[in-house]
K.L.:
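I'd like to ask some things about the structure below.
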Amino acid sequence: MRNAVPNDVVPQKEAAGAAHWRSSLRTRIALWAGLVNVALLLLLVLGTAWFARRLILDDARRDTHATTQEAAQRLDGALHVVTITTQGMSDLVGGAQLSPDELMATLRAMVKATPGYAGGLLILEPRTRGDLPFARYVAANGRDRDFIADGYPFREQGWYQRTVASPGGWWSEPYLNQTAGGVWMVTYNMPLRDPGRGARTRGMVSLDLPLANLTGMVDALAHLLGWRVSLVAPAGTLALNPEVGVERLETLDDYIVRAGRHDLGEAARAVRLRQPLQYAHTDAVSLERRFTVVEPVGDSGWTLLVAQSYELVMARLTDALWQLAAVGALLALVCMLVVRKLACHVSQPVEGLSSAAARLGRGEYDMPVPYVARRDEVGQMARTLEHARGSIQRQLREIADMTAARQKLESELSIAREIQQAMLPPGLAIDREHAHLEAYARLEPAKAVGGDFYCFIQTDPDCLWFAIDDVSDKGVPAALFMARTVTVLAEASRRLVQGNDACMFATVLCGRVDVRTGACVLASAGHDAPLLLHADGRVETLPVQPGPPLGFEVGDVFPLWSGTVPSGATLLAWTDGITEAFDADDQAFGAERIPDALQPGATAREQCEGLIAQVHAFTGTAPQSDDITALALRRRLDSAPASPEAPSSQETAHADATVHPP
């Protein structure tokens, strides 16, 4: 049997003390291995000096090209947001019959939906002879303007004439906007046309973007030592240049002629052709060697030019090579004075340990480490490696077991989330002649699965049943308890009490609404009363008397509220994940902030998403503490005939009816 120390035991005497200097591995390595290290070091210095120039220059070119492409992609993303927003506004207004107030609200929503932009303009010519034109500008700073009321001759302006004659959208050159307080702007203009083949142009829509928002995306790159960044507008104006301020409104071609920069001729040609380009050239004025990249910013017409100085790159390379050569020479001199001979019997155990360490690095832990019986530093290192090998093997087995368990748990949670989301119905719209009903809800669980729930059930063509509920907990237990609440309130009250050892409970709001008449019936099991948003912006809380929550005790009576949802009104319900959403200062969102988050005239989906967006804006970086759910029903008519539903819902409401268990 091989005489060896067990792999998992290191003698305390050897571990605590050092080997004698005559048998010390440090002494033998210092005497015999120094010459090899010196030779390798000298070869490394010479090889680095020989190859470094070409490699570093190639790396500099690739870095400049990659950096330019990344910056152009950022600019294209920002410009594309404007394009998509403006196109959506054009499609919406061109294909809809909207009142001036609705047009104004839509325009303001477009400006708010595009952060960082200064304002938007909507001009809509009359579709028929009896209609009135619409021409208003909505500013982010509140300085709105009505061109019709001001008597502004917008039809005589070049930008309006170009837009209505253009087949698509176009970006303006930089200009100084005095209305915005002397801010340099660029504008994206889009013609507005009636839908259908051969549609005529009815006006335009545009968005204003402060020029600083664009140049700020490449400002950090422009301040790098040895880098020069230029941003060229679609018509060739230099919007950003280290030598030409935007106030000069000078084009790239004019700058080349004025400054004598004929070396930029290829770049100017690539800008005109909207083609990418990368080339090395010498500055015609400073005689500095540069590498320039020309990158079009998507299909927006803008172009980004980035140049890097060769002299700075080579200067850094030269300094590094001199330092490396000086250190290498000093180390070579010291090692040559100390190291005289090389002994193979010293390198063999080191090579053996090196091979063992390499196997461990490759993940080969089955072969034991050699030289564990030696009494010098090699033996100490061998025993340490062997001990580490055994520990790593044990840890790998434990990690494999933990990973398998975690993967199984994550798979089960993922399946549970998919099942829960599949239980939730999508939004729907019911159209009955001149009556229309929109129904939409949105649920954002705080964990993988949540305890909130909602549903829409259409029992006949004119009637929609709906429900929203909230379980007292969240996560998997709440999701399972929630699944038990999807039934009639009284029956659910009896069933949920049975087997509720965890003392969980659920609040439920359910109801029914008639699409044609707006007649509505509501019942609550401990749930917050909903809000009714009228078409004129007035908000009222419906006096729904709640019954007991489901799960505590059997409830026999749940009062009914009966009323009317008027045309243009929206019925909104929510769970306490909204009212009890806390910010970083532990302040709750509360029910009092909900009316401010509602927008008259918005769709049911916009009401839900807008309310949840306000909650997230309020909580900021604070973690979500509970499931968030919002449900909205919006009823509207194509016309507004007199009907019994016109009065307020509270004028027709009564709460004397009750729900009794079957």
K.L.:
Write down the atom of Ala622, the atom of Asp583, and the distance for their closest heavy-atom approach.
P.N.:
CB-C, 3.7 Å
K.L.:
Go through it in stages, so that I can follow the logic: the residues are Asp58 and Arg61, the test is side-chain contact (heavy atoms from CB on, under 4.5 Å), and I'd like the CA-CA distance, side-chain angles, deciding distance and then a yes or no.
P.N.:
CA-CA 5 Å; Asp58 288 343; Arg61 293 190 186 99; 2.9 Å; yes
K.L.:
With a 4.5 Å limit on heavy-atom distance, are the side chains of Arg442 and Arg605 in contact?
P.N.:
no
K.L.:
Under a 3.5 Å threshold, yes or no: a donor from one side chain and an acceptor from the other, between Thr64 and Gln308?
P.N.:
yes
K.L.:
Kindly compute the distance separating CD (Gln614) from OG1 (Thr619), expressed to the nearest 0.5 Å.
P.N.:
11.0 Å
K.L.:
Between Gln624 and Glu444 (side chain of the first, backbone of the second, donor and acceptor by atom type, cut-off under 3.5 Å), is there such a pair?
P.N.:
yes
K.L.:
Do His527 side-chain atoms and Ala506 backbone N/O form a donor-acceptor pair below 3.5 Å?
P.N.:
no
K.L.:
Is there a side-chain contact between Thr85 and Tyr117 (heavy atoms, below 4.5 Å)?
P.N.:
no
K.L.:
Working to the nearest 0.5 Å, report the span between NE2 of His65 and CD of Glu295.
P.N.:
5.5 Å
K.L.:
Do Ile578 and Phe589 have side chains that get closer than 4.5 Å, going by heavy atoms?
P.N.:
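In short, these two side chains touch, coming nearer than 4.5 Å.
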K.L.:
Could you walk me through whether Val229 and Thr68 pass the side-chain contact (heavy atoms from CB on, under 4.5 Å) test, one step at a time?
P.N.:
CA-CA 9 Å; Val229 178; Thr68 305; over 6 Å; no
K.L.:
Which distance, rounded to the nearest 0.5 Å, do you find between the CG of Asp219 and the CG of Leu231?
P.N.:
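Here the interatomic distance stands at 11.5 Å.
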K.L.:
Is there a side-chain contact between Val218 and Val306, using heavy atoms and a 4.5 Å cut-off?
P.N.:
no
K.L.:
Report the C-alpha distance between Leu240 and Leu214 in whole Å, list the side-chain angles of each, state the deciding distance to 0.1 Å, and finish with yes or no for side-chain contact (heavy atoms from CB on, under 4.5 Å).
P.N.:
CA-CA 9 Å; Leu240 174 66; Leu214 281 182; over 6 Å; no
K.L.:
Is any NZ, NE, NH1 or NH2 atom of the basic residue among Glu398 and Arg394 found under 4.0 Å from an Asp or Glu carboxylate oxygen of the other?
P.N.:
no
K.L.:
Can you find a heavy atom in the side chain of Asp59 that is under 4.5 Å from one in the side chain of Arg62?
P.N.:
yes
K.L.:
More than 12 heavy atoms of other residues, nucleotides or ligands under 6.0 Å from CG of Asp299: is that the case?
P.N.:
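Incorrect, the count does not exceed 12.
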K.L.:
Indicate the atoms forming the closest heavy-atom contact of Ala72 with Pro296, along with that distance.
P.N.:
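Residues Ala72 and Pro296, closest heavy atoms: CB-O, 4.3 Å.
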K.L.:
Once rounded to the nearest 0.5 Å, what's the spacing between atom OG1 of Thr507 and atom CG of Asp528?
P.N.:
7.0 Å
K.L.:
Mind checking the CH2-CD1 spacing from Trp574 to Ile628? Nearest 0.5 Å is all I need.
P.N.:
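Reported to 0.5 Å precision, the distance equals 14.0 Å.
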K.L.:
Please check if any side-chain donor atom of Asp470 sits under 3.5 Å from a side-chain acceptor atom of Thr575, or the reverse.
P.N.:
no
K.L.:
Determine the minimum heavy-atom distance between Phe618 and Gln587, stating which atoms define it.
P.N.:
CE2-O, 3.2 Å
K.L.:
What verdict does the side-chain contact (heavy atoms from CB on, under 4.5 Å) test give for Phe291 and Tyr310, after you've listed the backbone C-alpha separation in whole Å, the side-chain angles of each residue and the deciding distance to 0.1 Å?
P.N.:
CA-CA 7 Å; Phe291 177 73; Tyr310 272 9; 3.5 Å; yes
K.L.:
Where is the tightest heavy-atom contact between Phe453 and Leu443, given as atom of each residue plus distance?
P.N.:
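So the two residues come closest at N-CD1, 4.0 Å.
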K.L.:
Does the side chain of Leu75 reach to within under 4.5 Å of the side chain of Trp302, using non-hydrogen atoms?
P.N.:
no
K.L.:
When rounded to the nearest 0.5 angstrom, what distance separates CZ in Arg290 from OH in Tyr279?
P.N.:
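Output value for this atom pair is 10.5 Å.
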K.L.:
Under a 4.5 Å cut-off applied to non-hydrogen side-chain atoms, are Val293 and Gln278 in contact?
P.N.:
yes
K.L.:
Where is the tightest heavy-atom contact between Ala588 and Arg593, given as atom of each residue plus distance?
P.N.:
O-NH1, 3.0 Å
K.L.:
Examine distances only and state if a side-chain atom of Arg74 and a backbone atom of Met217 form a donor-acceptor pair shorter than 3.5 Å.
P.N.:
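Indeed, once roles are kept as given, a pair shorter than 3.5 Å links the two residues.
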K.L.:
Would the number of heavy atoms belonging to other residues, nucleotides or ligands and lying under 6.0 Å from NE2 of His80 be above 12?
P.N.:
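Result for NE2/His80: open.
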K.L.:
Identify the heavy atoms of Ala467 and Leu631 that sit nearest to each other, and give their distance.
P.N.:
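In this case the closest contact between Ala467 and Leu631 is O-CD1, 3.9 Å.
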K.L.:
Is there a side-chain contact between His281 and Thr292 in this structure, where contact means two heavy atoms from C-beta onward sitting under 4.5 Å apart?
P.N.:
yes
